[in-house]
Each structure stands twice: as C-alpha cells, then as structure tokens.
Amino acid sequence: MEQIVQQIEAWKSEIDQLQISNATALEEYRIRFLGTKGIVKGLFGEMKNVPAEKKKEFGAVLNVFKQFAEEKFEAWKQQVSEGGEGESGLDLSLPADALPLGSRHPITLVRNRIVSIFQRLGFSVAEGPEIEDDWHNFSALNLPENHPARDMQDTFYVKNPETGGADWLLRTHTSSVQVREMEKGKLPIRIICPGRVFRNETISARAHCFFHQVEGLYIAENVSFADLKQTLYFFVQEMFGKDVKVRFRPSYFPFTEPSAEMDISCLICGGKGCNVCKHTGWVEILGCGMVHPKVLENCGIDPNKYTGFAFGMGVERITMLKYQIKDLRLFSENDVRFLKQFEGA
Ligand code: PHE
C-alpha cells in the first residue's frame, strides 16, 4: 500500500506540471486518468487487495486523488471552451472562414443586360405565367388551331383540372405576355417580356426543350417600321459595340406584317466568313415586325388608330455569340467549371 500511495503522489505532481490548452490534450488526459480503464478506476480496483483495517485510510487517499484529478479536468475544460490558443482551441476573436460565394449565371447576366438597354429607351418589364392557355400562346396571335405555323412551335401540353382536357400548355414564347398586356387595354404600351419558354425539340448543341427569351412590344399612334429599325439598331450597338452592322431579311410570322429577321455581322470573323456564320459573314439574332392588325383586334385594340412593332430574341443565342459558347447544353448542366468562368463578368 505504501508503494501505491507514493505512486499517487508522483501522479499528483505530474498533473500539477501539466499544461493543457487544447481539446485533444484534454481528452488524452481524461482517458488516462478518469476514463473507464483509467488510473483512478484502476486504483479503486486495488481496494480488494488492501487489508481490512487499512481500507478506510486508503479509501480516503483515493477519494482525495480522484477529486484532485477531476477538479483539474473541469478547470482545463473551462479554459479550452473559452478559447485556448492550442491547435483546435476555439478563438472567437478570429475572423470567420470565408463563405464560398456563387456567381450569376451567364443567362442571367445577359438577360439583365438586354433588359437594362431597353429600359433606357423607356420600355418596362412585364411578366406572365409559364403555363398558358391556347388563346394567349397561339390563337390570339393569329395562329388558329391547325395553322401550319404551329408546327414550328410544338410544345408540352398540361391537363387542365377544370375541364379535364389537356388544354393547358407550356408557353413557346413570351408573346403570350404581350397578349395579356394588350388585353388590359391601357395604351400606349412599351414593354419587354423576359422569361423561360419551352418547345418540344430534340436536345442538341443548338436546340433545347427550354430556353429564355426577351420579347418587346411597342404600341402607340403612328409607330412605324423606322421606329422598329432604330430601336433594334440602338440595342445591337449597346450590346455588341459600335462596329457591328445589322441587316433585315424579309420573313414570316403569323402575328406580324411585314415581318423580318435581323442579322448582325459575325463577331467571330468580322464578316469575312467562318464556321459560326457558316461563311456568310452574318448571324441571325432575332425576329421582328409590325403587329398584325388581326392581333390588335383580337386583343381589343383599334388597328385604325394604333400601330405597333414587336420583336423577340433568344437569350441563349445572344449569350453564345457574346461569349463564343458552342454548345447550348452547357447552360443547363450546372457544371461549375463552366459557371466559374463568369465570376465577376
Ligand atoms: N415570338 C417569336 C418566336 O418566338 C419571335 C417574334 C416576336 C417574332 C415578335 C416577331 C415578332 O419565334
């Protein structure tokens, strides 16, 4: 027993010299002295070998040692949790770890850019539902049922719980928002309609089943094709720079007459001819035209008093040209290696 008491004294002075300032060292100490297989437990196990008349005295020595070891533990524990300086000690005065910040998606960047250019010309933003009815997406726009031009805008149909029929659809363009604005009957109208649209297309580098548009509409008295050209010319210069040339090609849309498609001189080769412009020197960026009188009538606007122009462009197309992106699918795959390239853009 004498020997054990001496050993206890040695441990006491060892503990007195310990300096514990981090959680790892503290845990090591706890396991060594206070753990289930630790020194203190072991000492109490020795009790059975101590002669009966000495048990009381030995018990007292053990209890003093146990209390000493526990008090030390509690004191260090307090210190460590208040922020010891050790490797895993918590120092609340240090600055926090930086949170990894994301960045805007290139489609958002370019859409915002397009919107702000038109806002400077007095256009305001109008939005509408992505699930539409036939009237707002097609019929009001002079695209009656069985019209062959519907073929180019095949879409996805949704069951309407009110009728039980599949007579709702995912909008194929944001022209549906223009119809909704015209139906409100407040003139003049000068709006742009950014938003997501859907088409039943096979997914490839050039086509997707969903993409984004910005469409525009200006209706007032005496709006002419010259206004349309000048507005779009301003847009192109602001978006792509002063050196870009534009050209209008006659085209067909059921909701505009006359209709045109607008090309810009190829940004990649400067008009000399390359793969992107298929060696023509020009790339198409949008469709436009004067709003068809039938459409105005459908929306309750007097075509003898009012005229207007409309245009529509794909945000993906503009973004691909601006950043020379060759595959449309990159926009929706959420690959950070792609997205990271637009940080700070
Ligand atoms: N709505 C047409 C489309 O999505 C684009 C367009 C808008 C063309 C307005 C002319 C006028 O293809």
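Just follow the structure's listing: the first ligand is 1, and inside any ligand the first atom is 1. Position 1 is the first residue of the sequence, and the numbers go up from there.
The pair Lys294-Glu297 does not count as a salt bridge, with every side-chain nitrogen at least 4.0 angstrom from each carboxylate oxygen. A salt bridge links Arg30 with Glu27: at least one charged nitrogen is closer than 4.0 Å to a carboxylate oxygen.
Contact record, Ile20 with Gln79: O-OE1, 3.9 Å, taken as the closest heavy-atom pair.
When only modelled atom types and interatomic distance are considered, Glu343 and Ser103 share no side-chain donor-acceptor pair under 3.5 Å. If you check the side chains of His208 and Glu201, you find no donor sitting under 3.5 Å from an acceptor.
Side-chain contact between Arg247 and Asp263 is present, with heavy atoms from C-beta onward closer than 4.5 Å.
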N or O contacts of ligand 1 with protein under 3.5 Å, please list pair by pair.
| unit_1 | atom_1 | unit_2 | atom_2 | d |
| --- | --- | --- | --- | --- |
| ligand 1 | 1 (N) | His173 | ND1 | 3.0 |
| ligand 1 | 1 (N) | Ser175 | OG | 3.1 |
| ligand 1 | 1 (N) | Glu215 | OE2 | 2.8 |
| ligand 1 | 4 (O) | Arg199 | NH2 | 2.9 |
| ligand 1 | 4 (O) | Gln213 | NE2 | 2.9 |

